[in-house]
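Below is one structure, written out as structure tokens, with a few remarks after it.
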Amino acid sequence: MSRVQSAGVATPIDPSLPEHEEPAGTSTHSRRFEPVDPDRIEFEDLRPPGAPGRDGTTNVETGHLTFHGGKVLRSLDLVPVYVGAYWQTLPGKRDRARNDAAMAALVKDPGHTGIWKEYGASPGTASPSKVLAGVTHRDWSKQDVEALIEAQVRAGNLDASDPERVFTLVLPPGATLRDGEASSTAGLGGFHGNVTARDGHPVYYAVVVYSQRTGDRVNGIDFTGTPIDNVTITESHEITEAVTDPDVGLAIQTGDPNYLGWYDDTTPMQRRDGTAVLDSFGRPMRGKGEIGDIPVLNAELEGDSALESAWGWRYGFAFQTEWSNRDGKAELEPGEG
């Protein structure tokens with residue numbers, strides 16, 4: 001997903017699906033599709049007014065990812081990148097060690113990578129993490145994130161020579177993240193994308209918030225009550241999407257669906273009672289997005305506003321479930337349950 005959000009924390013997206021502005025120099029007829037972005041759907045509108053919420057395991061899950069001909073990262077190399085001085089403090093070092101271990105486990109996990117294999121990818125590797133302790137910025141936009149990556153690549157601090165490397169930026173406690181109208185103060189957990197290196201090849205990244213509840217306020221998404229577990233859940237979502245649909249940003253920017261890898265743009269969006277979710281024009285909405293978006297949307301459609309059904313434990317680490325076309329459900333490993 002480009003982004004994970006919960007109605008229990010906030011109402012992240014706009015179900016009206018407004019038209020995207022045309023990039024400068026792009027002809028209108030080059031835009032051949034309008035991607036559904038689950039992060040711009042108001043989850044409260046997924047349930048009829050007055051419908052009771054229902055936390056726990058979902059009864060019905062639907063979705064179907066279609067291969068559109070774009071890229072899949074067949075041999076991921078993952079590099080965690082920790083932003084800010086927090087990561088050199090004692091608590092930060094503990095969080096960093098846990099996250100490093102979780103990411104090393106994720107890329108080899110026969111559960112997650114077993115699901116990746118269904119879509120043409122293989123187990124990956126995890127390279128040593130990096131700490132950008134001198135970065136003091138606290139309010140991050142997508143443009144800020146991409147400017148940082150570009151600068152660090154130019155400076156040689158991030159080695160982008162591997163075309164299947166993904167840098168996962170983890171923000172420090174209290175740092176906020178924005179992508180357009182979506183904000184971590186309103187439920188945004190993270191997103192993935194790419195920038196272009198000087199030689200023209202894409203440099204892939206994901207960025208995640210240090211999701212934390214402070215009193216009645218949440219920055220990011222509080223799945224578990226433990227910030228670093230919230231981080232690993234969001235990371236597993238973004239990394240799996242970066243593997244199976246790395247160039248979604250180019251598809252949206254250019255309007256060319258051929259950049260898409262595995263993406264659901266066909267599944268009708270229906271509530272648990274079978275009623276259709278409509279856009280602002282009264283049209284039934286279709287498509288649930290990327291591999292990690294489907295479990296989140298299905299949980300919300302089922303009334304699981306806390307997203308309890310969208311994650312679980314593997315080897316002591318918290319990861320999100322991912323969608324399997326083969327098994328027809330969201331799971332932590334192939335054939336689960």
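These values consider heavy atoms only, across backbone and side chains, with no hydrogens, waters or symmetry-generated copies.
When the side chains of ILVMFWY residues are joined at heavy-atom separations under 4.5 Å, either directly or via intervening members, I228 and V208 end up in a single hydrophobic cluster. Side-chain heavy atoms closer than 4.5 Å link hydrophobic residues (I, L, V, M, F, W, Y) into clusters, and following such links, possibly through other members, connects M285 to L297. V166 is not connected to V195 by any chain of hydrophobic side-chain contacts under 4.5 Å among Ile, Leu, Val, Met, Phe, Trp and Tyr, and they are in different clusters. In the hydrophobic clustering of ILVMFWY residues, with side-chain heavy atoms under 4.5 Å counting as a link, L73 and I239 come out together. In the hydrophobic cluster analysis, where Ile, Leu, Val, Met, Phe, Trp and Tyr join through side-chain heavy atoms closer than 4.5 angstrom, L132 is grouped together with V209.
The local environment of OH in Y259 is sparse, with at most 12 non-hydrogen atoms from other residues, nucleotides or ligands closer than 6.0 Å.
Checking D229 against T232 by side-chain atom types alone, no donor-acceptor pair falls below 3.5 Å. Judged by distance alone, the side chains of E238 and T168 never bring a donor and an acceptor atom under 3.5 Å apart. Side chains of K71 and Y204: a donor-acceptor N/O pair is present below 3.5 angstrom, by distance only. T321 and K329 share no donor-acceptor pair across their side chains, judged by distance under 3.5 Å alone. Defined by atom type and a distance below 3.5 Å, a donor-acceptor pair is present between the side-chain atoms of D95 and Y210.
The closest donor-acceptor contact from the side chain of R213 to the backbone of V218 lies at 3.5 Å or more, if one exists at all. For R165 (side chain) and D159 (main-chain N/O), a donor-acceptor pair under 3.5 Å exists by modelled atom type. For the pair D100 (side chain) and A97 (backbone), a donor-acceptor distance under 3.5 Å is absent. Judged by distance alone, the side chain of D109 and the main-chain N or O of H112 form a donor-acceptor pair under 3.5 Å. Judged by distance alone, with hydrogens and angles left aside, the side-chain atoms of S141 form a donor-acceptor pair with the main-chain N or O of D144 at under 3.5 Å. In terms of modelled atom types and a separation under 3.5 Å, the side chain of S236 and the main chain of I233 share a donor-acceptor contact. Of the possible donor and acceptor atoms, one in the side chain of H201 sits under 3.5 Å from a partner among the backbone N and O of A160. For the pair D77 (side chain) and E164 (backbone), a donor-acceptor distance under 3.5 Å is absent. Panel note: side chain H64, backbone T62; no donor-acceptor pair is recorded below 3.5 Å. At least one donor-acceptor pair under 3.5 Å links the side chain of Y119 to the backbone N or O of N325.
Under the 30°/60° scheme for interplanar angles, the aromatic rings of Y82 and W87 are found to be tilted.
Here the CD atom belonging to Q212 is positioned 12.5 Å from the CZ atom belonging to R217, to the nearest 0.5 angstrom.
Taking each heavy atom of N219 and S184 in turn, the nearest pair found is OD1-OG, 2.6 Å. When all heavy atoms of K288 and P268 are compared, the closest pair comes out as CE-O, 4.2 Å.
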